[in-house]
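Reviewing the structure listed below.
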Protein chains: 2
Amino acid sequence: MAKPLTTTSNALLGLLSIQPWSTYELAKQVDRSLGWFWPRTERKIYDEAKKLVESGHATAKLQATGSRPRTVYKITAKGRRTLQAWLDESSAPPKLEAEALVRVFFANAGTLDQLRTTLDDLAAQSRANMDELRVLIATADDADYPFAERRHINAIAIRFQLDYNQMISDWAEWATAQTDSWNDITDPNSWDWHSALT
Amino acid sequence: MAKPLTTTSNALLGLLSIQPWSTYELAKQVDRSLGWFWPRTERKIYDEAKKLVESGHATAKLQATGSRPRTVYKITAKGRRTLQAWLDESSAPPKLEAEALVRVFFANAGTLDQLRTTLDDLAAQSRANMDELRVLIATADDADYPFAERRHINAIAIRFQLDYNQMISDWAEWATAQTDSWNDITDPNSWDWHSALT
DNA sequence: GGATAATACTGCCAATGGCAGTAAAAACGT
DNA sequence: ACGTTTTTACTGCCATTGGCAGTATTATCC
């Protein structure tokens, strides 16, 4: 009995189920789309792709651009079966890692200005992400968009990204506004914490 | 020059800046609050706390309950300085890991039913999280709530958690509704992807 | 024609998670 | 009062992952 594949392995199988890719291209796809909700480093992709070949879920074809080699991976029938079965399994709960929120949570140990800077930066990041998403959406408008059969699924996923980033920037702006009435970081003055949670 | 502390180390310093805790208690706090945006396993907390002592950011006091030992950690002046300086640094962008979104993204490889199940489970999880948060909010109402001086910051952080989970369940329910008009997973019928992204 | 970016890959180590295992005290049910 | 479950407390071991440096070749831009 072979060990079940990791989510990362299955995610790569997902990409390979669309078309064959070189490792570099796989890493680019992770960067540009998959990585929104399953971020993995390029370094990891190189190792993972090799493992998929070892376990028979993909095949590797060595090619070359001049004297520079490259490896192109293609999903096997076994890989497709594994992926389809994986879709039946239940998903681990989403996991969020937000350094900015940690700084907010321990803002007590610093100043009100530090808190506001953290919040402003976070809001700016989220707005920038949304700008990038809008550029991406525009490219899907092109008549020669190569993944037309994925447009509906992509739209659902991009909608998530838009909502997610909108939620963060809205929250950060709201939080900044709340601090307006605070005297300092440890004294919220007459601010009503309870009404913030209704 | 000592190595800069990791975010995890600084997060523990943040907890210790509130009061001394045993490792077990630190792990519980991570489970109940910090872990919402900086999830770390209990296993890791045990190692990290020791490292804080080695680097002089905390001290350890060995106590005992009967014959069962326990280690209580306390932040040092150096620890407080480090934490306060850390609050000035800029934060890494939030990182989201959502297995459910990966399954959505590669739903093409499966069936419409699989997609809907994934979405339903995700929405249910988020709603359950919100229920837990509401219980937590109720405890902060108690007159003997031990962290009164943290109420305003806690409220801001909990507001984030509520918004975050609300966003996810809203999106999942919206996505499920979108699939109503699809013929099957590869054929969205006359569904207009573009109007989903406005 | 030279600088910069994109493509292609590996080695090494620190950070982290997951799981099993051990053990004592506390809480709970009956 | 006695047995079961839960809570508290901790360690060992290994797989997963990230971060960074290093090495090359080809493509692009000015």
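Numbers restart at 1 for each chain; the letters A, B, ... are given by sequence-line order, proteins then strands.
- A sub-4.0 Å separation between OP1 or OP2 of C:dC9 and a side-chain N or O of A:Lys50 is absent.
- Grouping the Ile, Leu, Val, Met, Phe, Trp and Tyr side chains by contacts below 4.5 angstrom, directly or via other members, places B:Trp36 with B:Met130.
- Comparing C:dT16, C:dT10, C:dA15 by their closest approach to the side chain of B:Lys51 singles out C:dA15.
- Looking at A:Thr198 and A:Ser195, their side chains never bring a donor and an acceptor atom within 3.5 Å of each other.
- Regarding contacts with the backbone of C:dT7, every side-chain N or O of A:Ser22 stays at 4.0 angstrom or more from both OP1 and OP2.
- Side-chain atoms of A:Trp21 come within 3.5 Å of backbone atoms of A:Leu15 as a donor-acceptor pair (strictly under, hydrogens ignored).
- Place A:Thr6 and B:Pro69 on DNA chain D by their nearest nucleotides, and B:Pro69 ends up nearer the 5' end.
- Ranking D:dT7, C:dA15, D:dT25 by closeness to the B:Lys44 side chain, first place goes to C:dA15.
- The phosphate of C:dA23 has neither OP1 nor OP2 within less than 4.0 Å of any side-chain N or O from B:Ser67.
- The side chain of B:Arg40 places an N or O atom within less than 4.0 Å of a non-bridging phosphate oxygen (OP1 or OP2) of C:dT16.
- Ion pair B:Lys50/B:Asp47 not flagged as a salt bridge, since none of the NZ, NE, NH1 or NH2 atoms sits closer than 4.0 Å to an Asp/Glu carboxylate oxygen.
- Judged by distance alone, the side chains of A:Glu99 and B:Thr7 do bring a donor and an acceptor atom under 3.5 Å apart.
- Between A:Tyr24 and C:dA8 there is no side-chain N or O to OP1 or OP2 distance below 4.0 Å.
- B:Gln29 places its CD atom 15 Å from the P atom of D:dT7, with the value rounded to the nearest Å.
- In this structure, the nucleotide among D:dT16, C:dA25, C:dT16 sitting nearest to the side chain of B:Thr65 is C:dA25.
- Of the candidates D:dC10, C:dA15, D:dG19, D:dC10 carries the atom nearest the B:Thr71 side chain, counting heavy atoms from C-beta on.
- At the heavy-atom level, A:Arg43 lies under 4.0 Å from base atoms of the strands shown.
- Among the atoms of the strands shown, only primed sugar atoms or phosphate atoms (P, OP1, OP2) are found under 4.0 Å from some heavy atom of B:Glu48.
- Along DNA chain D, the nucleotide closest to A:Thr7 and the one closest to A:Gly66 are compared, and the more 5′ of them pairs with A:Thr7.
- We find that NZ of A:Lys61 is positioned 15 Å from P of C:dA8, with the value rounded to whole Å.
- Between the CZ atom of A:Arg68 and the P atom of D:dT25 there is a distance of 10 Å, given to the nearest Å.
- Every pair passing ring pair (Phe, Tyr, Trp, His ring centres under 6.0 Å) that includes a residue from residues 76-105 of chain A is listed here, sequence neighbours excluded: A:Phe105-B:Phe37.
- Applying the salt bridge (Lys or Arg N to Asp or Glu O under 4.0 Å) definition to pairs two or more places apart or across chains, those involving residues 159-180 of chain B are B:Arg127-B:Glu173, B:Arg159-B:Asp163.
- Atom CD of B:Glu97 and atom C1' of C:dT16 are 11 Å apart (whole Å).
- Here the P atom of nucleotide D:dT23 and the CZ atom of A:Arg70 are 25 Å apart, to the nearest Å.
- The distance from atom CG of A:Asp47 to atom P of D:dG19 is 15 Å, rounded to the nearest whole Å.
- Rounded to whole Å, atom C1' of C:dT16 lies 17 Å from atom OH of B:Tyr46.
- One can place CD1 of A:Ile45 at 13 Å from P of D:dG19, the figure rounded to the nearest angstrom.
- We find that A:Glu97 and B:Arg40 are joined by a salt bridge, their nearest charged nitrogen and carboxylate oxygen being less than 4.0 Å apart.
- With a 3.5 Å limit on both pairing distances and Watson-Crick or G-U wobble geometry required, the stems of 3 or more pairs in DNA chain D span C:1-30 with D:1-30.
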